[in-house]
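All residue numbers refer to positions in the sequence shown, counting from 1.
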Amino acid sequence: MNDSWPDSLTQRGARQNSAGDWHFDPPPASAAAHLIPLLREASLLVLGEDAESFLQGQLSNDIRHVSASQGQLAAYCTPKGRVLATLSVWPHDNGYVLRLPAELAAPIRQRLQIHVLRSRVVLEDISADVAMLGLTGAQSVPLFRERFGTVPDSPFSVIRSAEIAAMALPGDRIEVAVPCEQAIALWDRLAAAGCAPTGQEHWDRAAIAAGVATVLTATSDQFIPQMLNLELSGAVAFDKGCYPGQEIVARSQYLGQVKRRLRRFASRQPAQPGATLFMPEGSIGGMVVNVAPTPAGEYELLAVISQEAADGPLQLAQDGSPLRRLPLPYELPAVPVRESRGGG
């Protein structure tokens, strides 16, 4: 990342805490659009004559559906079907841009590079040249349209101009990519238009409310896509050709063998991705995937929990207070009940 970008944010009131997260003063309660620097995002550029066929054989979604005006969500899996990373796929003039958490960018690029072999594909980390901004809130879409004359208006739709690229994401979110040297001018323009600057936790909370999981280092190689509800977010194509883990992902889908699912909770205790959830008797009930603090001093989280723990109380520690269940914006598939073959 270009150091001038965070330095400019510091001049505009941003503060970095000991964990490396950036914060602003709390926005006014009346703010209907929020402006967030997405400093944890990385951008991998995939170029070359074989870029489409290469990614088609690596990612869970159908890369052929990416166009100049449409991106997608996808998973990168192991041969056993476990998700190594969740990422968004953006169109680029000569290929694609994969956007994913910065902490996973190096290992994912290295793993993809191993599979390039003789494909005419070039992988390049362009994170230092690109700044990522996020807009959230009920007025983010109309405000964006007013400023730019157009707006991505459905999940994963994309608009591109000489100045920016922008993708709509579930949860009233718009992610914007801009060259680093132009980032602060765009920031000032959006802030002047009424977007309230705020920190990463606001973006994370909107993603959690939308039920969209982000795999991080602590949860990489832990879950198949359906455990993260990724097929419900359109991140898995079941009618495409092979990719790592495709057979296991398809078998789990068609045989109804998904016995763990992503759900949303509120907690009075802090948590970290990868933390264990317990049932009251001490049995393990699940794992935390994403966490974000709330203005009320609580924490919202997404966690993958077992079928056995689906309806009962859960807690972060064996002696902790119970979590409060929160709704997801989509329905979870029913787990089929298998009939006994015994006589009677």
Side-chain angles (χ1 to χ4, degrees), residues 15-27 29 34 36 38 40 83 86 101 103-104 134 136-137 169-173 198-223 226-230 232-233 258-332 335:
R15 301 180 302 278
Q16 192 173 23
N17 64 18
S18 58
D21 296 323
W22 291 82
H23 299 275
F24 293 82
D25 291 334
H34 299 86
I36 302 144
L38 302 179
R40 298 179 189 167
V83 178
T86 48
E103 63 191 71
L104 288 174
T136 67
L169 298 175
D172 290 325
R173 295 179 295 153
T198 189
Q200 176 77 37
E201 69 278 1
H202 200 98
W203 183 262
D204 294 343
R205 199 160 60 246
I208 288 170
V212 179
T214 299
V215 167
L216 302 169
T217 301
T219 52
S220 183
D221 199 10
Q222 295 291 322
F223 310 110
Q226 292 97 323
M227 293 178 187
L228 297 167
N229 302 346
L230 288 176
L232 304 180
S233 300
V258 183
K259 296 183 178 180
R260 288 189 283 166
R261 279 286 184 179
L262 188 79
R263 296 176 186 263
R264 180 177 167 225
F265 299 91
S267 171
R268 293 196 294 268
Q269 298 174 291
Q272 294 295 326
T276 300
L277 297 181
F278 294 93
M279 293 186 279
E281 71 276 13
S283 300
I284 292 175
M287 179 184 288
V288 175
V289 177
N290 298 121
V291 185
T294 74
E298 291 191 326
Y299 300 85
E300 288 195 15
L301 56 91
L302 292 174
V304 172
I305 64 171
S306 65
Q307 182 181 347
E308 293 76 15
D311 298 317
L314 284 166
Q315 54 202 41
L316 275 166
Q318 292 178 319
D319 57 352
S321 58
L323 303 179
R324 188 172 76 255
R325 295 175 185 272
L326 297 175
L328 289 169
Y330 47 75
E331 294 291 330
L332 296 180
V335 177

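No donor-acceptor distance shorter than 3.5 angstrom exists from the side chain of Glu281 to the backbone of Ser283, with no hydrogens or angles considered. The backbone N or O of Leu262 sits less than 3.5 Å from a side-chain atom of Asn229, completing a donor-acceptor pair. Tyr330 places a side-chain N or O within 3.5 Å of a backbone atom of Gly211 that can act as its donor or acceptor partner. Using modelled atom types, one side-chain atom of Arg261 and one backbone atom of Gln226 make a donor-acceptor pair closer than 3.5 Å. For Asn290 (side chain) and Thr214 (main-chain N/O), a donor-acceptor pair under 3.5 Å exists by modelled atom type. Here the side chain of Ser233 pairs no donor or acceptor atom with the backbone of Leu230 at under 3.5 angstrom. Proximity of a side-chain donor or acceptor of Arg260 to a complementary backbone N or O of Leu228 within less than 3.5 Å is not detected. A donor-acceptor pair under 3.5 Å links the side-chain atoms of Thr86 to the main chain of Val215, judged by distance alone.
The side-chain heavy atoms of Leu323 and Leu316, taken from C-beta on, include a pair separated by under 4.5 Å. Side-chain contact between Glu201 and His23 is present, with at least one heavy-atom pair separated by less than 4.5 Å.
Taking all atoms of both residues into account, the shortest heavy-atom contact from Ser267 to Leu301 is CB-CD2, 4.0 Å. Nearest heavy-atom pair, Arg173 versus Ala206, reported as atom, atom and distance to 0.1 Å: CD-CB, 3.8 Å. In terms of heavy-atom proximity, Arg325 sits nearest to Ala310 at NH1-O, 2.8 Å. Summarising the geometry of Gly199 relative to Ile36, their closest heavy-atom pair is O-CG2, 3.6 Å, with the distance given to 0.1 Å. Nearest heavy atom pair, residue Ala218 against residue Pro273, reads CB-O, 3.3 Å.
With a 6.0 Å radius and a threshold of 12 heavy atoms from other residues, nucleotides or ligands, Ile284 has its CD1 atom at or below the threshold. Counting heavy atoms of neighbouring residues, nucleotides and ligands inside a 6.0 Å radius, atom CD of Gln269 exceeds 12 of them.
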Discussion item. As a quick check of understanding, evaluate side chain to side chain contact (heavy atoms under 4.5 Å, CB included) for Phe223 and Val289, giving each step before the final call.
Written reply: CA-CA 10 Å; Phe223 310 110; Val289 177; 4.0 Å; yes
Item to complete: Could you walk me through whether Gln200 and Leu38 pass the side chain to side chain contact (heavy atoms under 4.5 Å, CB included) test, one step at a time?
Response: CA-CA 7 Å; Gln200 176 77 37; Leu38 302 179; 3.9 Å; yes
Item to complete: Given side chain to side chain contact (heavy atoms under 4.5 Å, CB included), test Thr136 with His202 step by step and report yes or no.
Response: CA-CA 8 Å; Thr136 67; His202 200 98; 3.1 Å; yes
Item to complete: Would you sort out whether Thr276 and Val288 count as a side chain to side chain contact (heavy atoms under 4.5 Å, CB included), showing the intermediate values?
Response: CA-CA 6 Å; Thr276 300; Val288 175; over 6 Å; no
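Under a 4.0 Å N-O distance rule, the pair Asp204/Arg40 qualifies as a salt bridge. A salt bridge does not link Glu308 to Lys259: none of the charged nitrogens lies less than 4.0 Å from a carboxylate oxygen.
Contacts of Asp221 classified as side-chain hydrogen bond (donor to acceptor under 3.5 Å, both in side chains), with partners at least two apart in sequence or in another chain: none. Not counting sequence neighbours, the partners of Glu300 by the side chain to side chain contact (heavy atoms under 4.5 Å, CB included) test are Arg205, Ile208, Arg264, Thr294, Leu326.
Interatomic distance, Leu314 CG to Phe265 CZ, rounded to the nearest 0.5 Å: 5.0 Å. Annotation: the span from Met287 atom CE to Thr219 atom OG1 amounts to 8.0 Å, rounded to 0.5 Å. Going from atom CG of Leu302 over to atom CZ of Arg263 covers 12.0 Å, rounded to the nearest 0.5 Å. Atom-to-atom distance recorded for Leu232:CG and Leu328:CG is 9.0 Å, nearest 0.5 angstrom.
In this structure, Arg15 is not positioned above the aromatic face of Trp22 in the sense of NZ or CZ being under 6.0 Å from the six-membered ring centre and within 45° of the axis.
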